[in-house]
There are 2 protein chains.
Amino acid sequence: MFKELNPLLHSELRLAVMSVLLSVESADFVYLREQTGATAGNLSVQLDKLQKAGYITIEKGFKGKMPRTTCAITQDGVAAFEEYVAALRSYIGKGI
Amino acid sequence: MFKELNPLLHSELRLAVMSVLLSVESADFVYLREQTGATAGNLSVQLDKLQKAGYITIEKGFKGKMPRTTCAITQDGVAAFEEYVAALRSYIGKGI
DNA sequence: ATAAAGTAGTTTATAATATAAACCAAATAT
DNA sequence: ATATTTGGTTTATATTATAAACTACTTTAT
């Protein structure tokens, strides 16, 4: 009847992050914070979870002298997102 | 950019309950438990929250000698569900 | 008639999650 | 020099979800 909703994606902030990363090749921490409106602390924690799940990659480097964290979605991430959307359909119908 | 996801509806079980109630005039506790696969305890708690939010009505009566709890979605509930679905679109795109 | 098992739930304790506040290190501005 | 800003992380707290334990009653078996 109802498909399971991947709990890693069924989170407002993590879903927003994935949504942003789907539409760009990569995005840095600050951009993600701006786009999602999240606090830095919350974003840091949620990015970590997405990385541990293998849904995104996180690269740390420097832009000039300033630290810079760059994120990108992985193939697994894309697949998980698509599955999540498909699962949602079982709750929502085609009305979305 | 991203619309807020009503936290009362952004819960797997509560969303499933609302989804069931949208498609029927009313449903009793046992039917909801069967359709959602939830434990009775969890269902009891979540129904309470939906009722307190005004999204469903809960009527307690008897079928013969056995207690019977009947639930139905309210107009507010329908509206909230539709808004939730609309908000989801901002994360999901038209891909759903 | 009584005991055992089942039904329909509620309450409560615990685990998981989300979130913000507090913190840190380095860079830049005054 | 020191104050402020930037780019984060860590950690403490509040919220949420969930199952386990319980209540109250009914049905069935003995």
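Per chain, numbering begins at 1; letters A, B, ... match sequence-line order. The basis for the numbers below is simple: all heavy atoms, side chains too, and nothing from hydrogens, waters or symmetry mates. Not measured: the values here are computed from a predicted model.
Within a 6.0 Å sphere centred on CD of B/E83, heavy atoms belonging to other residues, nucleotides or ligands number 12 at most.
One can place NE2 of B/H10 at 12 Å from C1' of C/dT17, the figure rounded to the nearest angstrom. What separates CG of A/L50 from C1' of C/dT17 is a distance of 14 Å, to the nearest Å. Atom CD in B/E12 sits about 11 Å away from atom P in D/dA17, given to the nearest Å. Atom P of nucleotide C/dA18 and atom CG of B/L8 are separated by 16 Å, given to the nearest angstrom. For the pair A/K65 NZ and C/dA25 C1', the computed distance is 15 Å after rounding to whole Å.
Contact between the side-chain N/O atoms of B/R68 and the OP1/OP2 oxygens of C/dG9 is not found at any separation under 4.0 Å.
Here the closest heavy-atom approach between residue B/E4 and residue A/E12 is recorded as CA-OE2, 3.3 Å. B/L9 approaches B/A80 most closely through the heavy-atom pair CD1-O, 3.4 Å. Considering every non-hydrogen atom in both A/Y91 and B/S19, the closest pair reads O-OG, 2.8 Å. Among all heavy-atom pairs drawn from A/F2 and B/Q35, the shortest one is CD1-O, 3.7 Å.
You'll find that the side chain of B/K60 is closest to C/dG9, out of D/dT26, D/dG7, C/dG9.
Looking at A/K60 and A/T69, their side chains do bring a donor and an acceptor atom within 3.5 Å of each other.
With B/S26 contributing its side chain and B/T70 its backbone, the two residues share no donor-acceptor pair below 3.5 Å.
Not counting sequence neighbours, A/D76 has no partner by the side-chain hydrogen bond (donor to acceptor under 3.5 Å, both in side chains) test.
Residues A/S11 and A/M66 both approach DNA chain C. Their nearest nucleotides, taken by heavy-atom distance, put A/S11 toward the 5′ side.
Separation of atoms CG (A/L22) and CD1 (B/I92) is listed at 9.0 Å; rounding is to 0.5 Å.
Contacts between residues 40-49 of chain B and DNA chain D, defined by a heavy-atom separation under 4.0 Å, are made by B/G41, B/N42, B/V45, B/Q46, B/K49. Near DNA chain C, defined here as any heavy-atom distance below 4.0 Å, the residues from residues 23-39 of chain A are A/T39, listed numerically.
No engagement by A/K63 is indicated, since no non-hydrogen atom pair under 4.0 Å with the nucleic acid exists.
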